[in-house]
Amino acid sequence: MDFGNVNSLNNRVNLLSGNLLPILSGDYAFPLHWRVYNTVVWLIELIHTIALIFGLVLTPREKALKDGTVCVVVTLEASFMLTRLYRRRKLLERIIGKLNDILRDSDETMKDIVRSTLSLIIKPFTVYGIVSASTVIIWTIQPVTKAFGKDTFFYTDYNLPTAFTTEPFSRSVLLASTVVMTIGSVLLFLKKYGVDVYMMHLVLMLTAQYRYTAEKLTLLFRNSQRDDRVDECRDKTVCRNGTNWQTERELKALCRHHNTVLQISFMLRQLLSVNFSLLYVNSVFRFCFIGILMSTIPLLTFAEGISIILFSLGSVIQFFLLCSFVQTLSDASTKITDKAFDENWHQYGSSIKRTFLLLIMANNLKCQISAIEKFNLSLPSFMTIMNQSYSIALLFLRAN
């Protein structure tokens, strides 16, 4: 078990999106065909972005605001977060290396916890990815249905603001440009989707380590009760000063593991703090513009309306899951000793008691990824972002 093989969804999306973020520590290089694919993807994204910018400039202001701003926000968000991860590649590889060091010697308890924790992301994000990619295709490819109804076309015939040539333009230009923008939009979605899955993979891997510490700590005191180690300590025939040497040794091993986990959490904060703060701010505007886009549904065809509704619902659910996973990490980091506290740890000697009390104090070291408390992702912040987005969307609609 290692960082790369415990989450097949992360591996596949990382390759398919062309992100090629590290999945192994050290000087690992992706095969040549994937690096060529990565270059082609970025070239398509460059063409897609340039055409989108010109489309926003040349398309009527109201249509540009309603149809193009969501794409702009997603482009900025995906580009910034990927650039940040690429620039901190060495730090990212160090985190992966530390996680692999832990997983290399993992027992069955850790394997079960890692699998169960990562299962939270695989199924819901797989469904979200398939549905959202389909809605992006339906929305962007829609101008093709107009291709055989007339001979000349204008910028307003595109769903996504686009400009490859001056208007009016021919049917062949409409078809070719629509196909290019559809491919570019799907790849853009995959890049944003891929970086979200990758970051949540990191978060859940760390969550699993906190849960493992809590579970092993509980099992340590519970199993000690069952094999009468405490009674042996009272007789002082196995260890000195009422302390069971085997329990103390296992507890020290858990403390070393927990210290490593704390180091990883500090490194992860350095890596993702800016990305999570940007994700918070950007999500306010993203959902604001999604709300504005939804206001146009009565004017659209049935297929277009359904695609917007499904994409909007998928975006809300996806962001809720992101907030939920970060909240899960925060909760796991502050509940390491909660279950173990109900066991008979207080019957041991002073050395084990002191170590356990230090672990209880370590619960105050809450794992918070965002650098700024106000921009921290959590379930309460999810509702705050939804409310802020709704308010800003109403202001935009009233202004127009």
Side-chain angles (χ1 to χ4, degrees), residues 6 98-99 102-103 106-121 200-230 233 242-244 246-269 276 320-370 373 376-382:
V6 295
K98 283 187 173 292
L99 286 171
I102 294 174
L103 295 173
S106 59
D107 55 18
E108 288 302 317
T109 302
M110 181 179 291
K111 290 178 181 178
D112 291 341
I113 291 175
V114 169
R115 292 190 189 104
S116 63
T117 302
L118 291 178
S119 66
L120 298 174
I121 191 176
M200 289 306 105
H201 179 62
L202 286 167
V203 167
L204 290 177
M205 287 291 286
L206 184 58
T207 302
Q209 297 310 312
Y210 279 112
R211 287 179 171 178
Y212 172 78
T213 304
E215 183 66 20
K216 289 294 287 186
L217 197 59
T218 303
L219 292 175
L220 176 63
F221 293 129
R222 185 176 299 162
N223 292 339
S224 296
Q225 286 177 258
R226 290 175 181 172
D227 61 13
D228 296 326
R229 291 180 196 169
V230 176
C233 285
T243 303
N244 183 281
Q246 187 174 353
T247 302
E248 185 173 7
R249 186 184 62 181
E250 293 177 10
L251 186 58
K252 286 182 177 179
L254 273 179
C255 289
R256 288 194 294 271
H257 174 269
H258 186 56
N259 285 337
T260 303
V261 172
L262 288 177
Q263 291 175 18
I264 296 173
S265 69
F266 294 144
M267 294 164 65
L268 193 63
R269 181 174 181 177
F276 276 29
F320 173 80
L321 290 173
L322 294 183
C323 292
S324 176
F325 294 153
V326 178
Q327 181 76 56
T328 300
L329 172 60
S330 177
D331 292 343
S333 67
T334 58
K335 296 180 179 179
I336 298 170
T337 58
D338 284 13
K339 290 183 179 179
F341 190 82
D342 295 329
E343 306 298 332
N344 288 336
W345 61 273
H346 48 81
Q347 296 184 14
Y348 287 92
S350 59
S351 178
I352 290 182
K353 288 180 182 178
R354 184 166 54 250
T355 303
F356 185 70
L357 290 173
L358 288 173
L359 284 173
I360 293 176
M361 294 174 63
N363 283 342
N364 295 322
L365 298 174
K366 181 180 179 180
C367 184
Q368 179 178 305
I369 302 298
S370 296
E373 175 70 29
N376 189 41
L377 295 180
S378 62
L379 293 179
S381 68
F382 170 78

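As the structure is a prediction and not an experimental result, all values here were calculated from the model.
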*About how many Å separate CD1 of Ile264 and CD of Gln209, when rounded to the nearest 0.5 Å?*
6.5 Å
_Would you compute the distance between atom CG of Leu220 and atom CG of Leu251 and round it to the nearest 0.5 angstrom?_
6.0 Å
*Not counting sequence neighbours, which residues clear side chain to side chain donor-acceptor pair (under 3.5 Å) with Thr207? List them please.*
none
*Between atom CG of Leu358 and atom CE of Met361, what is the distance when rounded to the nearest 0.5 Å?*
6.5 Å
*Spatial distance of atom CD1 (Ile113) from atom CD (Glu108) [nearest 0.5 Å]*: 11.5 Å
_Any Asp112 side-chain heavy atom under 4.5 Å of Arg115 side chain_ = yes
*Distance in Å, Cys255 SG paired with Leu217 CG, rounded so as to fall on 0.5 Å steps*: 8.0 Å
*Measure across Tyr210 and Cys367 and return the closest heavy-atom pair with its distance rounded to 0.1 Å.*
OH-CB, 3.9 Å
*Donor-acceptor pair, Ser324 side chain versus Leu321 backbone, under 3.5 Å?*
no
*After noting the C-alpha distance and the side-chain angles of Leu206 and Ser265, does the key distance pass the side chain to side chain contact (heavy atoms under 4.5 Å, CB included) rule?*
CA-CA 7 Å; Leu206 184 58; Ser265 69; 3.7 Å; yes
*Not counting sequence neighbours, which residues clear salt bridge (Lys or Arg N to Asp or Glu O under 4.0 Å) with Lys98? List them please.*
none
*Pairwise side-chain contact, Phe320 with Leu379, heavy-atom cut-off 4.5 Å (strictly under)*: yes
*Distance in Å, Ile121 CD1 paired with His201 NE2, rounded so as to fall on 0.5 Å steps*: 8.5 Å
*With distance as the sole test, does Ser330 use its side chain to make a donor-acceptor pair with the main-chain N or O of Val326 at under 3.5 Å?*
no
*asked:* Is the shortest side-chain heavy-atom distance between Glu215 and Met110 below 4.5 Å?
replied: no
*Does the side chain of Val114 come within less than 4.5 Å of Lys111's, by heavy atoms?*
no
*Who are the salt bridge (Lys or Arg N to Asp or Glu O under 4.0 Å) partners of Lys335, not counting sequence neighbours?*
none
*Do Leu254 and Leu359 have side-chain heavy atoms sitting under 4.5 Å apart?*
no
*Of the non-hydrogen atoms in Leu322 and Met200, which two are nearest, and what is the gap between them?*
CD2-CG, 3.1 Å
*Check side chain to side chain donor-acceptor pair (under 3.5 Å) between Thr117 and all other residues, then give those that pass, not counting sequence neighbours.*
Arg211
*List in chain and number order the residues that pass side chain to side chain contact (heavy atoms under 4.5 Å, CB included) with Ser116, two or more places apart in sequence or in another chain; answer none if no residue qualifies.*
none
*asked:* Any non-hydrogen side-chain atom of Lys252 less than 4.5 Å from a side-chain atom of Thr355?
replied: no
_With sequence neighbours excluded, residues passing side chain to side chain donor-acceptor pair (under 3.5 Å) with Asp331_ = Gln327
_Can you confirm whether Leu204 sits close enough to Leu329 that some side-chain heavy atom of one is under 4.5 Å from a side-chain heavy atom of the other?_
no
*State, with a plain yes or no, whether a side-chain heavy atom of Ser106 is found less than 4.5 Å away from one of Tyr212.*
no
